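Quick note: numbers below take in every heavy atom, side chains included, and nothing from hydrogens, waters or symmetry partners. These numbers were taken from a predicted model, which means no experiment stands behind them.
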Amino acid sequence: MTVPLDSIRLLRQRLEEILTEQLPENGQQWLFSRVDRSSTSALLMAFVAAPRFTGKQPVSLSAERRQELAELRPEFRLLAWPLDRVTRLYLLLQLPLENREAFTQAVETLFDTAEMNELVALYASLPVLPYPEAWLFRASEAVRSNMGLVFEALALGNPYPSEQFPEPAWNQLVMKTIFNDKSVGSIVGLVERSNPTLARILVDFAHERWAAGRYVPARAWQMVVPFVNEAMLPDLQRLFTSDRAVDRQAAALLCNETNFEPARALGRQFPVEHAEQLRWENLDTQLA
């Protein structure tokens, strides 16, 4: 989705309120003196320098404040962001929002020169930047990043990939999350962007891991639900006979939710305790 400029301006106002409440006095003086200069170069230098003046304490948000932010940009959450990252987002939104060329050029300059924590702030901010299509190449490159924090900033809790990525890039992001044993349940749009190609990739990957005596995260099997077929029945039976309770629970959920009747029948052959209380999200903490 493209966030309307009016919503971005309101978000900028809310961020200013948060920073006024939570930055130390010297940090406020430094930040707002930079903003008052109204020059792109001053804002870019402030983006780089922010942690020295703001600190890295986690931002504290009331339930009311979280609701305000959710209304401005669904699926975007600042909870647990450090103050320097919130400050950097605020500075990004001080750039000339209405001028596509000037705005994108300024942000590209930051991408070109950023160190790791600056990249984390940039990728985490993508959902609320204007011109979302302009950042698609950068975001796709981040999927291949060897910097774990950079990848996580894009892949986990970030709605940008599910909204903007074409299917191949999306599938690559999901599989890298699984391969690196990150929380697949933290991927925004995981179920909505399920597709048959990804289901086949996941099943093949599971075969490789099983052959190596390893597993895939139980939550990952939720992506297979709409695409269960005859060839997957042995895989479901293997999950039901796994020595891991989360695998058996995933198999029960999958067989209960699929429309493929042979899989539903298989589920009835392997009753799982308290199956009626199972939820996919309860499997998130169990990694491979």
* **Residues D235, R238; criterion salt bridge (charged side-chain N to carboxylate O under 4.0 Å, His left out); working and verdict** => CA-CA 5 Å; D235 301 318; R238 177 165 186 149; over 6 Å; no

* Intermediate values then yes/no, ring pair (Phe, Tyr, Trp, His ring centres under 6.0 Å), F76 and Y160 -> CA-CA 9 Å; F76 180 71; Y160 182 90; over 10 Å; no

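No close placement of the Y90 and F47 rings is indicated, their centers lying 6.0 Å or farther apart. A ring-centre distance under 6.0 Å is found for W30 and F53.
In this structure, the side chain of R209 does not engage the main chain of V216 through any donor-acceptor pair within 3.5 Å. Side-chain atoms of R88 come within 3.5 Å of backbone N or O of V48 as a donor-acceptor pair. Using modelled atom types, no side-chain atom of D84 and backbone atom of T54 make a donor-acceptor pair closer than 3.5 Å. Proximity of a side-chain donor or acceptor of T20 to a complementary backbone N or O of E16 within less than 3.5 Å is detected. Within the 3.5 Å criterion, the main-chain N or O of P127 finds a donor-acceptor partner in the side chain of R73. Counting only distance, with no hydrogens or angles, the side chain of N195 and the backbone of R193 share a donor-acceptor pair below 3.5 Å.
Expressed to the nearest 0.5 Å, how far CG of L61 lies from CG of L69 amounts to 6.5 Å. L15 contributes atom CG, which lies 10.0 Å from atom CG of L91 (distance to the nearest 0.5 angstrom). A distance of 4.5 Å separates CZ in R138 from CG in D112, rounded to the nearest 0.5 Å. To the nearest 0.5 angstrom, M175 atom CE is 5.0 Å from F205 atom CZ.
Few gaps surround CD on E261; more than 12 heavy atoms of other groups in view lie less than 6.0 Å from it. Environment of CG in N26: crowded, with over 12 heavy atoms of neighbouring residues, nucleotides or ligands closer than 6.0 Å. By the neighbour-count criterion of 12 heavy atoms within 6.0 Å, atom CD of E133 is densely surrounded, having more than that number from other residues, nucleotides or ligands. Counting heavy-atom neighbours within 6.0 Å of Q57 CD, excluding the residue itself, gives a total of 12 or less.
At a threshold of 4.5 Å between non-hydrogen side-chain atoms, the residues Q249 and R244 do not count as touching. At a threshold of 4.5 Å between non-hydrogen side-chain atoms, the residues L198 and W170 count as touching.
For the residue pair W280/E257, the side-chain donor-acceptor check at 3.5 Å is satisfied. Of the N and O atoms on the side chains of Q105 and E101, not one donor lies less than 3.5 Å from an acceptor on the other residue.
Two different hydrophobic clusters hold L190 and V188 under the rule that ILVMFWY side chains link at heavy-atom gaps under 4.5 Å. The same ILVMFWY cluster, assembled from side-chain heavy atoms under 4.5 Å apart, contains both M147 and L173.
Annotation: side chain to side chain donor-acceptor pair (under 3.5 Å) contacts of Q222 (sequence neighbours excluded): R219. Not counting sequence neighbours, the partners of A134 by the side chain to side chain contact (heavy atoms under 4.5 Å, CB included) test are R100, T104, Y131.
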Give the table of side-chain donor-acceptor pairs shorter than 3.5 Å for residues 226-234, with sequence neighbours excluded, one pair per line with atom names and distance.
from, atom 1, to, atom 2, distance (Å)
N229, OD1, A231, N, 3.1
N229, OD1, M232, N, 3.3

